[in-house]
Number of protein chains: 2
Amino acid sequence: MDEQYQPYLHLLLHLAKNTKLYGRRETSTMKLAEETKSSQQTISRKLQEMDDLGLIERKVTLTGITLLLTAAGIHVLEDLHEECEALFEHQSSIEGEIISGLGEGKYYVRLYRDRIQKSLHFRPFYGTLNIKVDDATLRKILLAKGKVTIEGFKTRNRTFGKVFCWKTAIGGSITGAIILPDRSTHKNVIEVIAPVNIRKKLKLENGGKVQCRLK
Amino acid sequence: MDEQYQPYLHLLLHLAKNTKLYGRRETSTMKLAEETKSSQQTISRKLQEMDDLGLIERKVTLTGITLLLTAAGIHVLEDLHEECEALFEHQSSIEGEIISGLGEGKYYVRLYRDRIQKSLHFRPFYGTLNIKVDDATLRKILLAKGKVTIEGFKTRNRTFGKVFCWKTAIGGSITGAIILPDRSTHKNVIEVIAPVNIRKKLKLENGGKVQCRLK
DNA sequence: ATTACTACACACCGAGTAG
DNA sequence: TCTACTCGGTGTGTAGTAA
């Protein structure tokens, strides 16, 4: 993004929406002021400046203003779009290193099995694939859309906390889920479950890399 | 886009690129000032303000600053991304009404045939499909990427002008091209050519609508 | 009705500099 | 070194108003 256009981005985006990028719009500085929650004077000045910068074409009429985005104006938005695309491109891709589990996972999956089936609509294999990921990847997962929460429960003897899940394609083929306990004990390790034995099916070994895709 | 974040967008985008959205970055106000072509003081102030707004997490260290985008900060960029997506969503789609040609097209395609084959890599059927489009659609085509120019030429008797072409899928199936003479005589009418007789193959009639997809 | 000028207040930028 | 303060010059928003 070219920083010189920063003060105009909000208005430019508004105009782009109004003109469907390529069209012409008959409007008035007052209408635009209302729509963008600023003053008629500010709109008038900004439109003049955007005209001077070559971002829009502007014709003053008796009843208002007719506006049109120029190729340059559209290009500013295209650039912005591309920058955003680049940012979110690898949005759903997760990569990490397979590590050996402690067998704990197996124990818990068994306990949560019915709840998992209810929330994620599959019957999990009783083993988890443990993947070590970096901080950024962990944050990516935690902030990802499509989070499913499995509520905790109590037995006579102890309390089991809630678990968060994200539906995931593992290794590009198996459909399963990443699960993270609300109060995780091991940092930077995610557990992945699926209806099948992932480790066996994908012939994975400790230390190897594996890709998942959030969905 | 929320207009209150406008002054921070440039810096926020810069930080997003640096942190790959989810990561942490150790940097300094001076480095960021250089990278974004502003002053150390401005960066310092803006980072404080972005922290106050909850867009970033900021930790001052002995050697500089450690930065992290918050969920809110990422969300601002997600919103921006979605707005851009919406703008460019129908970017490549062209729609118009079929009108009867004057037989002129046929004459010209025959003359330009070899040049068309060389530039567009297909041998055109000797007839054009005439489509009436609105102003915005015409502008969309003219500003579209992938424009191919066929240079004009002279014969003993007269001069033939250059022609602009855009590769296009017609009706979702036929691959052809939209062609527009440099000096078009009929306004808002585009001509479409293909290796086959489009009108016959798609069973099109005058007055009907047809969709094309630029590519 | 409009647009857009002038005038003024407030916000913002960046040089200098303290901590 | 670093961050971040003060402060003066400039930029930006809006009320009033002319055209």
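These values consider heavy atoms only, across backbone and side chains, with no hydrogens, waters or symmetry-generated copies. Chain naming here is simple, since letters A, B, ... match the order of the sequence lines and numbering starts at 1 in each.
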Visitor: Start at the 5' end of DNA chain C and walk down; is the nucleotide closest to A:Q48 or to A:G64 reached first?
Guide: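 Nearer the 5' end of the strand: A:G64.
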Visitor: Are A:D134 and A:N188 close enough that a side-chain donor and a side-chain acceptor fall under 3.5 Å?
Guide: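 Distance-only check fails for A:D134 and A:N188.
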Visitor: Find which nucleotide of DNA chain D each of A:Q40 and A:P7 is nearest to by heavy atoms, and output the residue with the more 5' nucleotide.
Guide: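 With A:Q40 and A:P7 compared, the 5'-side residue is A:P7.
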Visitor: Does B:R45 have a side-chain nitrogen or oxygen under 4.0 Å from the phosphate oxygens OP1 or OP2 of C:dC13?
Guide: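 Checking C:dC13 against B:R45, a side-chain N or O does come within under 4.0 Å of OP1 or OP2.
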Visitor: State which of D:dG13, C:dA4, C:dT2 makes the closest approach to the side chain of A:R58.
Guide: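 The answer is C:dA4, which lies nearest to the side chain.
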Visitor: Taking side-chain hydrogen bond (donor to acceptor under 3.5 Å, both in side chains) as the criterion, tell me which of A:K31, A:R25, A:R24 meets it with A:N18.
Guide: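 Single side-chain hydrogen bond (donor to acceptor under 3.5 Å, both in side chains) partner of A:N18 among A:K31, A:R25, A:R24: A:R25.
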Visitor: Looking at D:dT3, I'd like to know if its phosphate oxygens (OP1 or OP2) sit under 4.0 Å from a side-chain N or O belonging to B:T29.
Guide: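 Yes, B:T29 has a side-chain N/O under 4.0 Å of OP1/OP2 on D:dT3.
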Visitor: Is it the case that A:N206 and A:R199 place a side-chain donor and acceptor less than 3.5 Å from each other?
Guide: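 Yes - a donor-acceptor pair under 3.5 Å links their side chains.
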Visitor: For the residue pair B:Q40 / B:T29, report whether a side-chain donor-acceptor contact shorter than 3.5 Å exists.
Guide: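 Checked: B:T29/B:Q40 side chains pair up, N/O donor to acceptor below 3.5 Å.
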Visitor: Quick check: on DNA chain D, is the nucleotide nearest A:Q41 upstream (toward 5') of the one nearest A:Y8, or the reverse? Name the residue that is more 5'.
Guide: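 Here A:Y8 is the residue nearer the 5' end.
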Visitor: Tell me which of A:T27 and B:E49 sits closer to the 5' end of DNA chain C, going by the nucleotide each one is nearest to.
Guide: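 Residue closer to the 5' terminus by nearest nucleotide: A:T27.
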Visitor: Is the distance from OP1 or OP2 of C:dC12 to the nearest side-chain N or O of B:K46 less than 4.0 Å?
Guide: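 No, no such contact exists.
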